[in-house]
Number of protein chains: 2
Amino acid sequence: MSRQTDPARSHWAWGRADKLPDRAGRIALGKQLSALFGVEANAHRDPVPLDAVRLRPSRIAPPPAGLAEGWVSAEHADRVTHTWGRSYPDQLRGFAGDFGPAPDLVARPATDAQLTQLFEWAAGHDVALVPYGGGTSVVGGVTYAGARPWVSLDLERFDAALEVDPVSRLARLQAGMTGPALEAALAPHDLTLRHFPQSFEFSTLGGWIATRAGGHFATVYTHIDDMVAGVRMLTPGAGLFETRALPGSGAGPSPDRLVLGSEGTLGIITDAWMRVRPRPRWRAKAALHFDRFDDAVAATRALAQSGLHPTNCRLLDKREAMLNMVGTRHVLLVAFESADHPLDAPIARAVAIGIEHGGRCPKGPRLSDSHSAAADAPAGAGGLWKSAFIDAPYLQSSLITLGIVADTFETACSWAAFPTLHRAVKDAVFTAAEQGSRGVRGHLGCRFTHVYPDGPAPYYTFIVPSTPGAELEDWARIKHAASDAILTHCGTITHHHAVGRVHRPWAERQRPAAFGAVLAAARRVLDPAGILNPGALLAEGS
Amino acid sequence: MSRQTDPARSHWAWGRADKLPDRAGRIALGKQLSALFGVEANAHRDPVPLDAVRLRPSRIAPPPAGLAEGWVSAEHADRVTHTWGRSYPDQLRGFAGDFGPAPDLVARPATDAQLTQLFEWAAGHDVALVPYGGGTSVVGGVTYAGARPWVSLDLERFDAALEVDPVSRLARLQAGMTGPALEAALAPHDLTLRHFPQSFEFSTLGGWIATRAGGHFATVYTHIDDMVAGVRMLTPGAGLFETRALPGSGAGPSPDRLVLGSEGTLGIITDAWMRVRPRPRWRAKAALHFDRFDDAVAATRALAQSGLHPTNCRLLDKREAMLNMVGTRHVLLVAFESADHPLDAPIARAVAIGIEHGGRCPKGPRLSDSHSAAADAPAGAGGLWKSAFIDAPYLQSSLITLGIVADTFETACSWAAFPTLHRAVKDAVFTAAEQGSRGVRGHLGCRFTHVYPDGPAPYYTFIVPSTPGAELEDWARIKHAASDAILTHCGTITHHHAVGRVHRPWAERQRPAAFGAVLAAARRVLDPAGILNPGALLAEGS
């Protein structure tokens with residue numbers, strides 16, 4: 001059984017089917033949201049089951065080699081589960097049983113030779129190939145809706161840890177490994193990658209590299225970019241694109257940085273040399289509470305500019321704190337971790353910075369050492385929040401059953417730009433929500449997922465009641481308004497969700513036209529037939 | 001008077017003419033080297049003076065606009081001072097009065113409009129344009145020796161600090177500013193870039209970005225790459241290439257990373273938004289001594305992997321320590337600095353790590369707080385070494401007068417690869433030196449200039465006696481052997497010296513051929529006439 005057709009996985013919603021609430025649970029959820037934010041449910045619906053989904057017939061015969069060797073499939077469950085990612089529109093349509101753009105085939109190659117066969121066959125038959133890791137894209141990264149037949153290229157068989165170098169703390173890992181799989185492979189070496197995007201359970205190393213995923217560390221080493229020492233990508237047009245595993249280099253523009261963020265449009269990432277580390281032994285954390293959001297932002301900025309480099313430095317505004325059950329004030333969660341030394345000094349200074357800026361730390365800092373009993377102390381706010389963090393996407397899926405539109409979007413901007421950007425985003429979202437089918441603002445929360453000396457990465461969640469049939473339009477109005485506000489006010493269209501097809505119009509506005517032309521030229525070299533993920537990152541045919 | 005024709009600057013040697021020793025000083029230097037390393041001088045020569053240099057006539061008429069407005073020159077002093085960089089061969093030839101490939105003209109545009117005029121004129125007349133910052137390239141980055149006429153494009157008039165954002169700690173600085181100039185512009189804001197490459201006094205921001213310069217910080221923020229928030233480059237083929245100043249982004253491959261390391265082949269960098277910081281208040285440092293090099297390496301690795309992120313973490317082997325007058329043992333210099341907090345805890349842990357690995361810290365850690373009297377304490381080994389560091393290039397120039405070949409080369413590799421690479425480099429250099437005109441090994445020292453969790457950046461200095469007339473051949477044999485050893489043993493051909501023309505053959509071996517093809521395609525988009533710095537980074541016509 002393959003990863004995606006495992007019946008434990010929902011064919012339309014986030015993650016595991018058994019983690020979605022049943023009808024009674026959904027009614028209770030509706031009541032909670034109504035009480036918290038005045039967001040009223042407007043429906044109680046069930047998804048169209050997998051077996052009842054109707055697909056267009058597959059338009060192409062599989063490549064002979066793949067067919068003979070059993071790594072290409074046209075089966076119903078394969079095609080359904082590889083149709084959509086997990087953006088709001090993807091889930092909404094999947095929930096309704098709409099799998100219109102289903103792939104004609106699903107391929108699961110396991111070797112370079114099979115990838116090369118697929119490239120040649122696809123180029124010869126004018127077929128698009130769309131790389132598929134965990135299928136968790138929230139930006140339309142894994143669905144092709146153009147005119148050509150297409151194959152979902154699932155990398156799940158590239159699933160081995162090839163080499164581990166404990167001296168240099170490097171591991172060569174194949175691209176199809178999920179977060180849990182690669183952590184399990186590193187554990188016997190007492191090593192960990194510690195890259196925990198919200199999609200950690202399902203998404204893959206190759207997907208993280210292709211989309212420049214953001215992870216666990218809130219400062220310094222934030223993006224997967226920082227953990228890639230070398231990368232290996234197979235291209236249709238120029239063969240192998242393999243870089244040396246190097247701690248640093250100044251030999252011209254970085255080849256790794258062209259692969260990072262290429263979103264499957266330049267080649268198929270097969271594996272990478274990743275920087276890993278020992279599990280932390282010492283931990284220290286604190287939750288700082290603020291009455292005023294501006295004070296909380298100032299404290300976060302001071303901490304980001306302090307050079308303390310906290311592992312975690314996440315600010316939740318009070319609405320986000322309520323949604324995540326960590327209180328009713330603005331909360332700054334700070335944490336340090338180390339495998340080498342105790343953390344008394346940095347956590348004390350971090351708390352002092354918070355207090356200097358008007359914060360309170362009612363519980364004081366909490367320190368633990370996993371070699372002593374203190375590690376068994378109950379988890380604080382950070383722990384609670386962490387499980388809410390990993391499970392948050394299930395909320396979005398559940399709300400679809402209630403006719404409520406919920407989504408997240410994120411950016412990064414300078415500290416100086418943030419106040420204006422934040423106001424503009426709030427205005428844009430509220431105005432767009434009020435123009436929607438129910439005419440109410442709903443909920444909008446903000447947190448900082450990552451912070452830098454020069455600015456934060458604000459992350460927004462909106463929850464707005466809608467009307468059956470109007471959800472897509474209600475969502476699109478808000479999404480467009482928010483994206484426009486971000487671009488107008490000096491943000492990036494995405495700090496770590498990637499571009500895909502959803503963000504492409506704004507990414508095209510953001511990037512220099514000259515750089516867009518370079519990317520298109522790179523594509524002509526590496527993928528001259530334009531078979532790889534057309535329409536993601538770059539317009540099809542560009 | 002322009003920067004390069006300032007008579008205080010030597011026309012052939014590193015830096016300021018008055019810092020080069022006179023005849024008596026050179027004789028004393030020769031005796032010192034003989035006593036220290038058994039390297040014997042074989043000549044006592046004086047350079048050919050600027051006025052005695054004979055140049056080929058300029059082969060082209062200046063562009064009319066530049067001529068009329070006075071920003072293009074064909075004057076003797078301009079052409080001589082813009083002929084060479086400061087590689088060993090460059091200095092050797094300049095010393096001998098050989099300025100064979102002198103530029104036909106020197107241009108000093110001050111505006112985008114003048115740059116565009118220059119682009120159009122050069123493309124129309126098949127003239128090469130070679131960007132020139134401080135002229136400190138040690139890899140043949142500023143000299144064109146091909147068939148076309150060429151213009152040295154000096155950016156010295158792009159010399160303004162355009163904007164400062166103290167909240168976000170960002171400054172928009174023009175590319176032609178030297179290290180001291182930009183620090184002087186930031187000082188009134190109590191800010192600093194703190195990027196101190198060895199060439200700091202003369203080299204420019206644009207040069208640092210174009211060559212991915214390495215700076216002051218030995219961990220975390222090592223390359224100028226890490227300090228660029230956004231960059232602005234003017235291209236002949238696609239106009240302006242300007243990125244947003246962002247603390248982080250995941251919107252496709254990073255456009256900044258194509259500019260970083262482009263070595264003037266894709267466009268002219270006009271300015272950049274740089275991440276700056278307050279001057280440090282607290283400082284802590286320690287010098288750890290080791291009898292065994294392997295122990296010193298192990299200590300350095302442990303420190304690099306500790307997560308302490310020292311500002312400085314430089315290992316000098318005992319020969320390097322002797323050359324830099326910091327002792328006769330292997331020395332690990334560790335330092336922390338902060339504008340936010342005292343550094344007792346991290347320096348204590350760093351010293352403990354050194355001692356755990358067999359080191360001694362005879363003087364203990366030294367702490368200072370610039371708000372207290374302790375800051376007036378005399379500088380320790382680090383201070384002495386720092387001035388030796390900045391002045392080291394003068395030694396190379398001085399040795400040319402004595403007929404001694406001296407040069408540095410550097411790389412980065414994984415910790416696991418280092419022992420084998422180090423042995424291979426030593427063997428290669430010693431063998432090549434013994435095959436030279438004097439048949440002796442001379443001196444070879446090694447230091448780590450930067451360290452990462454996955455590996456060090458080893459930096460080698462060799463000093464080998466030669467024979468007048470044979471120096472270039474002696475140098476080339478050693479340089480080639482060392483470069484081959486680095487490439488064979490998993491290093492990078494350069495961690496921060498750049499590619500230029502000297503390293504190009506090895507950079508071509510190092511980078512994926514597919515990436516070389518992408519760079520060439522990028523060049524066809526951004527510089528379709530191939531007028532910018534032909535032969536640097538990429539082969540001319542590729």
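In what follows, chains are A, B, ... by sequence order, proteins preceding strands, each numbered from 1.
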(message) I need the residue from A:Pro253, A:Pro342, A:Ala213, A:Ala302 with the largest number of non-hydrogen atom pairs under 4.5 Å to chain B.
(response) A:Pro253

(message) For the CZ atom of B:Arg277 and the CG atom of B:Leu191, what is their distance to the nearest 0.5 Å?
(response) 10.5 Å

(request) Could you tell me whether the side chain of A:Asp527 reaches within less than 4.5 Å of the side chain of A:Thr265, counting heavy atoms only? (result) no

(request) With a 4.5 Å cut-off on heavy-atom pairs, point out which of A:Gly239, A:Gly491, A:Ala536 contacts chain B the most. (result) A:Gly491

(message) Taking the basic N atoms (NZ, or NE/NH1/NH2) and the acidic carboxylate oxygens, is any pair closer than 4.0 Å for A:Glu356 and A:Arg349?
(response) yes

(request) Answer whether the closest heavy-atom distance between the side chains of B:Thr235 and B:Leu240 falls below 4.5 Å. (result) no

(message) Heavy-atom cut-off 4.5 Å, strictly under: side chain, backbone, both or neither for B:Arg511 against chain A?
(response) neither

(message) At a 4.5 Å cut-off on heavy atoms, which part of A:His309 comes close to chain B: side chain, backbone, both, or neither?
(response) side chain

(message) Less than 4.5 Å to any heavy atom of chain A: does that hold for the side chain of B:Leu260, its backbone, both, or neither?
(response) backbone

(message) Below 4.5 Å, heavy-atom pairs only: which of B:Val518, B:Thr243, B:Asp454 has the largest tally toward chain A?
(response) B:Asp454

(request) May I ask you to test the A:His496-A:Thr449 pair for a side-chain heavy-atom distance under 4.5 Å? (result) yes

(message) Let's test your reading of the structure: which of B:Ala416, B:Ala498, B:Ala238, B:Ala513 forms the most heavy-atom pairs below 4.5 Å with chain A?
(response) B:Ala416

(message) Tell me which one of A:Phe409, A:Tyr452, A:Tyr459 satisfies ring pair (Phe, Tyr, Trp, His ring centres under 6.0 Å) with A:His495.
(response) A:Tyr452

(message) Return the CD1 to CH2 distance between A:Ile486 and A:Trp506, rounded to the nearest 0.5 Å.
(response) 10.0 Å

(message) Nearest 0.5 angstrom please: A:Ile268 CD1 to A:Arg232 CZ, how far?
(response) 12.5 Å

(request) With a 4.5 angstrom heavy-atom cut-off, could you sort out which part of B:Leu538 is near chain A: side chain, backbone, both or neither? (result) neither

(request) Between chain B and each of A:Ala304, A:Ala522, A:Pro255, count heavy-atom pairs under 4.5 Å; write down the option with the most. (result) A:Pro255

(message) Which atoms of B:His503 are under 4.5 Å from chain A, going by heavy atoms: the side chain, the backbone, both sets, or neither?
(response) neither

(request) Could you have a look at B:Ala345, B:Ala507, B:Ser338, B:Cys413 and say which one has the most heavy-atom pairs with chain A under 4.5 angstrom? (result) B:Cys413

(request) Please flag which part of B:Phe418 lies under 4.5 Å from any non-hydrogen atom of chain A: side chain, backbone, both or neither. (result) neither

(message) So for B:Ala457, is it side chain, backbone, both, or neither that comes closer than 4.5 Å to the heavy atoms of chain A?
(response) neither

(message) Taking every non-hydrogen pair under 4.5 Å, which of A:Ile353, A:Leu308, A:Asp344 racks up the most with chain B?
(response) A:Leu308

(request) Please answer whether the main-chain N or O of B:Gly252 pairs with a side-chain N or O of A:Arg212 as donor and acceptor at a distance below 3.5 Å. (result) yes

(request) Let me know if B:Thr494 has heavy atoms under 4.5 Å from chain A in its side chain, its backbone, both or neither. (result) both

(request) Tell me, out of B:Met233, B:His450, B:Glu263, B:Arg301, who's got the most heavy-atom pairs with chain A below 4.5 Å. (result) B:Arg301

(request) Tell me, for A:Pro278 versus chain B, whether the close heavy atoms (under 4.5 Å) come from the side chain, the backbone, both or neither. (result) neither

(request) May I ask you to decide whether A:Arg279 forms a salt bridge with A:Glu337, counting only side-chain N to carboxylate O separations under 4.0 Å? (result) no

(message) Report which part of B:Val167 has an atom under 4.5 Å of a heavy atom belonging to chain A: side chain, backbone, both, or neither.
(response) both

(request) Quick one: pull up CE in B:Met274 and CH2 in B:Trp208 and give me the separation to the nearest 0.5 Å. (result) 8.0 Å

(message) Heavy-atom cut-off 4.5 Å, strictly under: side chain, backbone, both or neither for B:Leu258 against chain A?
(response) both

(message) At a heavy-atom distance under 4.5 Å, which candidate from B:Ser168, B:Gly261, B:Pro166 has the highest pair count against chain A?
(response) B:Ser168

(request) Return the option, out of A:Ser414, A:Ala210, A:Gly516, A:Ala352, with the maximum number of heavy-atom pairs under 4.5 Å with chain B. (result) A:Ser414

(message) Does any backbone or side-chain atom of B:Ala517 lie under 4.5 Å from a heavy atom of chain A? Answer side chain, backbone, both or neither.
(response) both

(message) Using 0.5 Å steps for rounding, measure from the CG atom of A:Asp165 to the CH2 atom of B:Trp415.
(response) 12.0 Å

(request) Counting only heavy atoms closer than 4.5 Å, note whether B:Thr411 contacts chain A via side chain, backbone, both or neither. (result) neither

(request) Measure the OG-CG distance between A:Ser262 and A:Leu537 for me, rounded to the nearest 0.5 Å. (result) 8.0 Å

(message) When you compare the side chain of A:Leu266 with that of A:Val259, does any pair of heavy atoms fall below 4.5 Å?
(response) no

(message) Has B:Gln510 got a side-chain atom pairing as donor or acceptor with A:Ala251's backbone, closer than 3.5 angstrom?
(response) no

(request) Measure distances from B:Glu410 to the heavy atoms of chain A and classify the residue's part below 4.5 Å as side chain, backbone, both or neither. (result) neither

(message) Shorter than 4.5 Å, heavy atoms on both sides: which option in B:Ser249, B:Ala514, B:Pro453 has the most such pairs with chain A?
(response) B:Ser249

(request) Examine whether an atom of B:Leu487 lies under 4.5 Å from a heavy atom of chain A, and if so say whether it belongs to the side chain, the backbone or both; otherwise answer neither. (result) both

(request) Side chain from CB out, backbone as N, CA, C, O: work out which of these in B:Pro346 comes under 4.5 Å of a heavy atom of chain A, or both, or neither. (result) neither

(message) Counting heavy-atom pairs under 4.5 Å with chain B, which one of A:Arg504, A:Gln305, A:His497, A:Arg524 comes out on top?
(response) A:Gln305

(message) Donor-acceptor pair, distance only, cut-off 3.5 Å: does the side chain of B:Asp225 make one with the backbone of B:Arg257?
(response) no

